[in-house]
Amino acid sequence: IHTGRTHQIRVHMAHLGYPLLGDRLYAPKAVQDMAPRQMLHAWRLAFTHPVSGEDMHFTCPPPQDMPDTALAAMRRMQRIVITGNPGSGKSALSASLAALGVPVISADDVVADLYAPNGAGSQWIGHLRSGLLGPAGAVNRTALMAAMQEDPVLRRDVEQTVHALAQQRIADFWDQQESAGLPLAAAEIPLYFECGWQQFFTPVPLSVGVHCPLPQRSARTAETRGWNQEKMAALEAWQWPEDRKMAACDLVITNEDDLPRLQKKAAELLEELRMREQNTAKEQNRILVGLWGPVEGNGR
């Protein structure tokens, strides 16, 4: 800034695409609404006195509402992905979080909606190959799975298209929850890593893996879903080995006990996330305050 003309900083910054928070004249409406006032403050001034020739230096630390406003603008809703191999207890953990007030969406439920009569997925699959829809027009998932096992090209085409539709539904869900001002929302996505979904979402979600040994998972799926060993092996083969998937997760919850114990772990997870958010906010505040450097004087 050389001339000090009225509004010069505000006009130039807006022209460069970086309008000042709270600037009611030059900033877009969304940026205006992010601050209670214009976030402009001269914290350090230096010049040569026009009469004496003395070097003059003045500092005035920024008011607290400036870092507070910047921190508020930086914060985003925490997005959580719940993942794991078949029978690990992903849905039980998701239900436990929902019972604690966390909005949750399930990729499986999204796919079920896509596969329903007149769903976007069923309409496309019906045109793709005959015999894959039931009498009512819904996708026959048994027939589709058998066809996908026999035809890798069909499996690739179905997965790419259906996954793209499901991705968008989940992204829209998270955006809606954030717009509503919620601090946290979760999505249960079994094939999160296998399908490369960790590259899709912005901001990147925190991934939580649910671990359970294979023998216990096989027994669960046989009891609750009626899966035989052949079906379990086929679905397991389509996913990463459990140790690889858990290693890719940010957090891992072991689910070898009963449901009450898993519900307790869900509450502990929320407490850990709350503590992480507090620590992140403190670090961001430390960085912001540090940007102004040490106060060099007390001029007026």
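Model, not experiment: these values are computed from the prediction.
- D157 contributes atom CG, which lies 10.0 Å from atom CE of M148 (distance to the nearest 0.5 angstrom).
- Atom CG of L133 and atom CG of L144 lie 9.5 Å apart (nearest 0.5 Å).
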Audit row: E242, H211, side chain to side chain contact (heavy atoms under 4.5 Å, CB included) steps and yes/no: CA-CA 8 Å; E242 189 178 35; H211 163 70; 3.3 Å; yes
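- Within a 6.0 Å radius of NE2 in H127, no more than 12 heavy atoms belonging to other residues, nucleotides or ligands are found.
- Counting heavy atoms from C-beta outward, L270 and L184 have side chains that approach closer than 4.5 Å.
- Between D23 and M13, the closest side-chain pair of non-hydrogen atoms is not below 4.5 Å.
- Every salt bridge (charged side-chain N to carboxylate O under 4.0 Å, His left out) that D33 has, sequence neighbours left out, goes to K29.
- Under a 3.5 Å cut-off, the side chain of T161 and the backbone N or O of V158 do not form any donor-acceptor pair.
- When every heavy atom of W174 is checked against every heavy atom of A187, the shortest pair comes out as CZ2-CB, 3.6 Å.
- F201 and M77 fall within the same hydrophobic cluster, defined by Ile, Leu, Val, Met, Phe, Trp and Tyr side-chain heavy atoms under 4.5 Å apart, directly or through other members.
- In this structure, R274 does not pair ionically with E277, as no charged nitrogen and carboxylate oxygen lie closer than 4.0 Å.
- Ring pair H163/W197 is perpendicular by interplanar angle, where above 60° counts as perpendicular and below 30° as parallel.
- To the nearest 0.5 Å, atoms CE (M275) and CG (L273) are separated by 11.5 Å.
- Counting heavy atoms from C-beta outward, E194 and K245 have side chains that approach closer than 4.5 Å.
- When side chains are defined from C-beta on, M34 does not count as touching M39, because their heavy atoms never get closer than 4.5 Å.
- Ring-plane geometry between F58 and F47 is classed as parallel, the angle between the planes falling under 30 degrees on a 0 to 90 degree scale with a further cut at 60.
- Under the 3.5 Å distance criterion, the side-chain polar atoms of Q123 are matched with a main-chain donor or acceptor of N118.
- For the atom pair CD1 of I125 and CG of N140, the computed distance is 10.5 Å after rounding to the nearest 0.5 Å.
- In this structure, H7 and Y26 have perpendicular ring planes: the angle between them is above 60°, well past the 30° mark.
- Counting all heavy atoms, side chain and backbone alike, R76 lies closest to P203 at NH2-CD, 3.6 Å.
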Show your reasoning for whether side chain to side chain contact (heavy atoms under 4.5 Å, CB included) applies to C212 and R220. CA-CA 10 Å; C212 182; R220 283 178 182 171; 3.5 Å; yes
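- Expressed to the nearest 0.5 Å, how far CD1 of I105 lies from CD1 of I170 amounts to 5.5 Å.
- Under the 4.5 Å side-chain heavy-atom criterion for ILVMFWY residues, a single connected hydrophobic cluster contains both I189 and L235.
- Across all their heavy atoms, Q32 and A27 have their closest contact at NE2-O, 2.7 Å.
- By the criterion of side-chain heavy atoms lying less than 4.5 angstrom apart, applied directly or through intervening Ile, Leu, Val, Met, Phe, Trp or Tyr residues, W238 is grouped together with V139 in one hydrophobic cluster.
- Of all heavy-atom pairs between R24 and P36, the closest is NH2-O, 3.6 Å.
- Of all heavy-atom pairs spanning L132 and A147, the tightest one is CD2-CB, 4.1 Å.
- D175 meets the salt bridge (charged side-chain N to carboxylate O under 4.0 Å, His left out) test with R79; sequence neighbours excluded.
- With a 4.5 Å cut-off on side-chain heavy atoms, K231 and M145 count as touching.
- Here the closest non-hydrogen pair linking V81 and P205 is CG2-CB, 3.7 Å.
- A single hydrophobic cluster is not seen to contain both W240 and M246; linkage of ILVMFWY side chains at heavy-atom distances under 4.5 Å, directly or through other members, places them apart.
- Residues L165 and L128 share a single hydrophobic cluster, defined by chaining ILVMFWY side chains whose heavy atoms lie under 4.5 Å apart.
- Of the possible donor and acceptor atoms, none in the side chain of R44 sits under 3.5 Å from a partner among the backbone N and O of A42.
- For the pair F193/C249, a side-chain contact is recorded, criterion being any heavy-atom separation below 4.5 Å from C-beta on.
- Within the 4.5 Å cutoff, the side chain of T83 has no heavy atoms near those of the V210 side chain.
- Rounding to the nearest 0.5 angstrom, the gap separating the CG atom in L93 from the CD1 atom in I80 is 10.5 Å.
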In a table with atom names and distances, give each donor-acceptor pair under 3.5 Å that connects a side chain of residues 254-267 to protein atoms at least two apart or in another chain.
from: N255; atom 1: ND2; to: S88; atom 2: O; distance (Å): 2.8
from: D258; atom 1: OD1; to: R261; atom 2: N; distance (Å): 3.1
from: K265; atom 1: NZ; to: T254; atom 2: O; distance (Å): 2.4

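- Put simply, the side chain of E188 never gets that close to the backbone of I82: no donor and acceptor are under 3.5 Å apart.
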Determine, stepwise, if the pair T48 / D55 fulfils side chain to side chain contact (heavy atoms under 4.5 Å, CB included). CA-CA 5 Å; T48 301; D55 289 336; 3.7 Å; yes
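- Looking at heavy atoms from C-beta onward, S218 lies in side-chain contact with L214 at the 4.5 angstrom threshold.
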Between Q168 and D172, is a side chain to side chain donor-acceptor pair (under 3.5 Å) present by the stated rule, with each step listed? CA-CA 6 Å; Q168 193 57 55; D172 291 344; 2.9 Å; yes
Between N85 and E236, is the side chain to side chain contact (heavy atoms under 4.5 Å, CB included) condition met? List the steps. CA-CA 7 Å; N85 288 61; E236 189 77 7; 3.2 Å; yes
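- No donor-acceptor pair closer than 3.5 Å links the side chain of R10 to the backbone N or O of P19.
- Around the CD atom of E230, the shell of radius 6.0 Å holds no more than 12 heavy atoms that belong to other residues, nucleotides or ligands.
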